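No hydrogens, no waters, no symmetry mates; every other heavy atom, side chains included, goes into these values. Model, not experiment: these values are computed from the prediction. Residue numbers start from 1 in every chain, and the chains themselves are labelled A, B, ... in the order their sequence lines are given, proteins ahead of strands.
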Amino acid sequence: MRPKNEQELLARAESIAGLTLSELASQWHIAIPPNLKRDKGWVGMLIETVLGATAGSKAEQDFNHLGIELKTIPINSKGYPLETTFVSLAPLTQNSGIIWENSHVRHKLAKVLWIPVEGMRQIPLAERRIGCPILWQPSADQEQRLRLDWEELMDYIVLGKIEEINAHLGEVLQLRPKGANSRSLTKGIDKNGQIINTLPLGFYLRKQFTSEILQQFMQNG
DNA sequence: ACATGATCATGC
DNA sequence: GCATGATCATGT
């Protein structure tokens with residue numbers, strides 16, 4: 001069921017806009033959990049299935065043949081994002097030679113199909129509605145801001161300042177833990193060049209940035 | 001009220 | 001542990 005071109009993917013995404021999650025899940029005979037506490041990726045997996053992405057794939061993008069990454073994003077009643085958006089894990093070792101142009105962050109964000117979904121916890125998961133899809137590519141200005149943040153954050157990693165990193169750094173992109181829990185460890189490099197155990201970190205888009213993307217494509221005010 | 005740091009599920 | 005998909009929930 002994988003879409004053969006961009007138009008087909010977009011048409012499929014537009015065809016599910018307005019449906020509730022229970023309507024879509026029942027059409028596909030997919031069980032719906034009571035909430036997302038133990039199924040945080042459920043909405044994303046459902047939309048992947050429906051749109052024909054290869055679930056569980058290790059591919060760089062969800063639709064590699066189209067050069068498109070799929071992201072669901074939870075929004076409030078005003079269309080504002082309720083959560084940050086995970087992009088990719090940060091390379092804490094073996095990162096020499098990685099520059100913005102060949103980074104995973106740039107590749108994944110080169111073209112994104114955003115699917116807004118109502119995310120307010122007061123709305124039962126089954127009753128949350130799917131919004132209109134947004135096919136986005138970063139503007140020159142947006143890519144520049146992403147690049148500057150990425151370069152600043154990568155400098156911390158490469159220069160052995162990994163223990164100084166926190167989520168306050170970065171204007172539109174931030175680094176936060178991305179693991180099973182606070183005991184999850186990976187290898188990193190400290191200020192003396194020694195290998196240390198440290199929390200895995202991921203690049204996340206701040207809500208202010210994704211809000212800008214959603215607003216950019218909003219119709220009728 | 002909200003962002004940061006922590007956490008959940010799954011496959012290999 | 002890493003990569004996929006993310007949201008939870010506590011501290012400030």
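Counting only heavy atoms from C-beta outward, the side chains of A/T210 and A/W114 approach each other to under 4.5 Å.
For residues 184-193 of chain A, proximity to DNA chain B is found at no residue, defined as any non-hydrogen atom under 4.0 angstrom from a strand atom. Contacts between residues 150-166 of chain A and DNA chain B, defined by a heavy-atom separation below 4.0 Å, involve A/N166, listed by number. Contacts with DNA chain C (heavy atom under 4.0 Å) in residues 88-116 of chain A: A/L89, A/K108, listed by number.
The main-chain N or O of A/L70 is found under 3.5 Å from a side-chain atom of A/D62 such that the two form a donor-acceptor pair. Of the possible polar contacts, one joining the A/D149 side chain to the A/V172 backbone as a donor-acceptor pair under 3.5 Å is found. A donor-acceptor distance shorter than 3.5 angstrom exists from the side chain of A/N181 to the backbone of A/S184, with no hydrogens or angles considered.
Separating the CG atom of A/L201 from the P atom of C/dA3 is a distance of 13 Å, rounded to the nearest angstrom. Nucleotide C/dT4 holds its P atom 18 Å from the CG atom of A/L51, rounded to whole Å. Rounding to whole angstrom units, CD1 of residue A/I30 and P of C/dG5 are separated by 16 Å. Atom CG in A/L173 sits roughly 15 Å away from atom C1' in B/dA3 (whole-Å rounding). Taking atom CG of residue A/N76 and atom P of nucleotide B/dA3, one finds them 11 Å apart after rounding to whole Å. In this structure, the CG atom of A/N64 is 14 Å from the C1' atom of C/dT4, given to the nearest Å. Distance A/L46 CG to C/dT4 C1': 16 Å, rounded to the nearest Å.
Every residue meeting the side-chain hydrogen bond (donor to acceptor under 3.5 Å, both in side chains) condition with A/S22, not counting sequence neighbours, appears here in chain and number order: A/T20. A search for side chain to side chain contact (heavy atoms under 4.5 Å, CB included) contacts involving A/S182 returns nothing, not counting sequence neighbours. With sequence neighbours excluded, no residue forms a side-chain hydrogen bond (donor to acceptor under 3.5 Å, both in side chains) with A/D155. A/R121 pairs by the side-chain hydrogen bond (donor to acceptor under 3.5 Å, both in side chains) definition with nothing, not counting sequence neighbours.
If you take CG on A/L173 and CG on A/L148, they are separated by 11.0 Å, rounding to the nearest 0.5 Å. The structure places CG of A/L175 at 4.5 Å from CG of A/L153, a figure rounded to the nearest 0.5 Å.
Within the structure, side-chain hydrogen bond (donor to acceptor under 3.5 Å, both in side chains) pairs that include any residue of residues 165-177 of chain A comprise A/T84-A/R176, A/Q174-A/R176 (at least two apart or interchain). Judged as a side-chain hydrogen bond (donor to acceptor under 3.5 Å, both in side chains), the pairs with a partner in residues 101-111 of chain A (not counting sequence neighbours) are, in order, A/E6-A/K111, A/E60-A/H107, A/R106-A/E143. Evaluation of the ring pair (Phe, Tyr, Trp, His ring centres under 6.0 Å) test over residues 34-91 of chain A, restricted to residues two or more places apart or in two chains, returns A/F86-A/Y204.
Of the N and O atoms on the side chains of A/Q142 and A/Q137, not one donor lies less than 3.5 Å from an acceptor on the other residue.
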note = In B/S/- notation (B base, S sugar-phosphate only, - none; protein heavy atoms under 4.0 Å), nucleotides 6-12 of chain C written 5' to 3' is BBBB---
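The C1' atoms of five pairs define one axis at each end of the helix from B/dA1-C/dT12 to B/dC12-C/dG1, and these two axes lie 40° apart (to 10°).
Of the options A/I68, A/L46, A/L9, a side chain to side chain contact (heavy atoms under 4.5 Å, CB included) to A/L51 is made by A/L9 and by none of the others.
Side-chain N/O atoms of A/Q174 include none lying less than 4.0 angstrom from OP1 or OP2 on B/dA3.
Within 6.0 Å of CD on A/Q208 lie no more than 12 heavy atoms contributed by other residues, nucleotides or ligands.
Each of A/K207 and A/S182 lies near DNA chain B, and the nucleotide nearest A/K207 is the one positioned closer to the 5' end.
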